[in-house]
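We use all heavy atoms of the structure for the numbers below, so side chains are in, but hydrogens, waters and symmetry mates are not. Just so you know, ligand 1 is whichever comes first in the structure, and atom 1 is the first atom listed for that ligand.
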Amino acid sequence: TQISDNWPGYSLDLFTYPQHYYGDLEYVLIPHGIIVDRTERLAKDIMQDIGDNDIVVLCVLKGGYKFCADLVEHIKNLSRNSERFISMKVDFVRLKSYHNDQSMQDMQIMGGDDLSKLTGKDIVGTGRTMKVLLNNIEKYKPKMIKVASLLVKRTSRPDGYRPDYYGFEIPDLFVVGYALDYNEHFRDLNHICVINDHGKAKYRV
Ligand code: IMP
Ligand code: MG
């Protein structure tokens, strides 16, 4: 699940994507189908580790909503087709920290009333967001906290946070799609893609 720094990605011509993003993307880093397949395996691993515990899934909005929804769906399918039925609650928090493609200092956490045992997240960049969130969750003293993130970036930061489960380790690139945004754009793109300079300029704020 390591995507190397020299991985050229897939040509955009091999897939379909919204016409309003034509000219704004460089290449496809991870096609949608592979994301879903990998998420299914994460669901299986999580099921195995969780045992008989009930879980509260805490989805980190907005960027984590696709990953969280697909992960929950896979856990439900696996659970329904096995002897062991896991009861699940779902809660949501919203975090905001990025401006253009830069991580900002101040972080806002909104919503979320339940204590969590499992969090579903889009991407761990610097890991700063995750640490702030975990500090807040630990106050509720949950029995167990596990973090699942679709992507982990290979950043040079030494304090990089490592989730318990992750889909892919990717180069230190700014990526969009599958609910990940650039100033709220590109969430409606299925594949995880790298945007080009034209796209960055077009949607800069
Ligand atoms: P961190 O604090 O640098 O780990 O950033 C975490 C949050 O920033 C993630 O939850 C994302 O919402 C957002 N983020 C980080 N990297 C990217 C990226 O490459 N594309 C889009 N959003 C990103
Ligand atoms: Mg964002």
Side-chain angles (χ1 to χ4, degrees), residues 1-5 7 9 17 21 24-32 35 39 42 57-71 91-112 116 118-137 145-205:
T1 61
Q2 278 220 3
I3 298 176
S4 70
D5 284 340
W7 163 240
Y17 62 103
Y21 295 136
D24 301 333
L25 300 165
E26 196 76 43
Y27 57 88
V28 176
L29 186 74
I30 315 174
H32 181 251
I35 300 170
T39 305
L42 293 181
V57 178
L58 185 67
C59 173
V60 183
L61 298 171
K62 298 178 184 173
Y65 97 88
K66 283 294 295 171
F67 174 57
C68 190
D70 285 346
L71 189 63
D91 197 6
F92 302 88
V93 287
R94 179 154 178 222
L95 301 178
K96 195 165 162 48
S97 67
Y98 266 64
H99 189 76
N100 290 322
D101 55 0
Q102 295 302 308
S103 182
M104 304 310 282
Q105 280 313 307
D106 59 319
M107 181 113 41
Q108 298 156 261
I109 301 182
M110 292 157 273
S116 89
L118 176 74
T119 80
K121 206 175 174 315
D122 54 351
I123 182 168
V124 174
T126 60
R128 215 167 42 78
T129 307
M130 207 54 233
K131 282 184 184 165
V132 173
L133 181 64
L134 283 177
N135 282 339
N136 277 271
I137 294 171
I145 305 178
K146 296 283 185 195
V147 178
S149 176
L150 180 62
L151 306 173
V152 176
K153 270 194 209 181
R154 265 194 305 279
T155 57
S156 44
R157 313 266 182 117
D159 63 338
Y161 176 82
R162 281 271 148 184
D164 301 291
Y165 308 93
Y166 62 91
F168 304 91
E169 185 191 282
I170 63 166
D172 195 3
L173 295 163
F174 193 80
V175 293
V176 294
Y178 194 68
L180 288 167
D181 75 305
Y182 175 76
N183 295 329
E184 300 303 324
H185 297 277
F186 300 101
R187 291 198 203 274
D188 57 339
L189 173 67
N190 267 204
H191 315 292
I192 291 179
C193 299
V194 176
I195 56 176
N196 63 20
D197 291 339
H198 182 263
K200 277 192 188 177
K202 184 169 162 189
Y203 297 111
R204 177 158 283 138
V205 291

Minimal non-hydrogen separation, [X] against [Y], with atom names:
X    : Y    : result
L42  : Y166 : CD2-O, 3.5 Å
N136 : V132 : ND2-O, 2.8 Å
I145 : D164 : O-OD2, 3.9 Å
K153 : F174 : NZ-CA, 4.1 Å

Hey, which of I30, L151, D70 is the one that makes side chain to side chain contact (heavy atoms under 4.5 Å, CB included) with Y178? D70
Counting backbone and side-chain atoms alike, is an N, O or S atom of D181 positioned under 2.8 Å from the Mg ion (ligand 2)? yes
Can you check whether V124 has an N/O within less than 3.5 Å of an N/O in ligand 1? no
If you measure from each non-hydrogen atom of L173 to ligand 1, which part falls under 4.0 Å: side chain, backbone, both or neither? backbone
For ligand 1, note which part of M130 has a heavy atom under 4.0 Å away: side chain, backbone, both or neither. neither
Relative to the heavy atoms of [X], which atoms of ligand 1 are at a distance of less than 4.0 Å?
X    : answer
V175 : 18 (C), 19 (O), 20 (N), 21 (C)
R128 : 2 (O), 4 (O)
D181 : 21 (C), 22 (N)
T129 : 1 (P), 2 (O), 5 (O), 6 (C), 7 (C)

Looking only at heavy atoms of K153, does any of them come nearer than 4.0 Å to an atom of ligand 1? yes
Quick test of your reading: applying salt bridge (charged side-chain N to carboxylate O under 4.0 Å, His left out), list the pairs with at least one residue in residues 192-205, sequence neighbours left out, ordered by first then second residue. D24-K202, D101-K200
Would a 4.5 Å heavy-atom cut-off, applied to side chains only, mark R154 and D5 as touching? yes
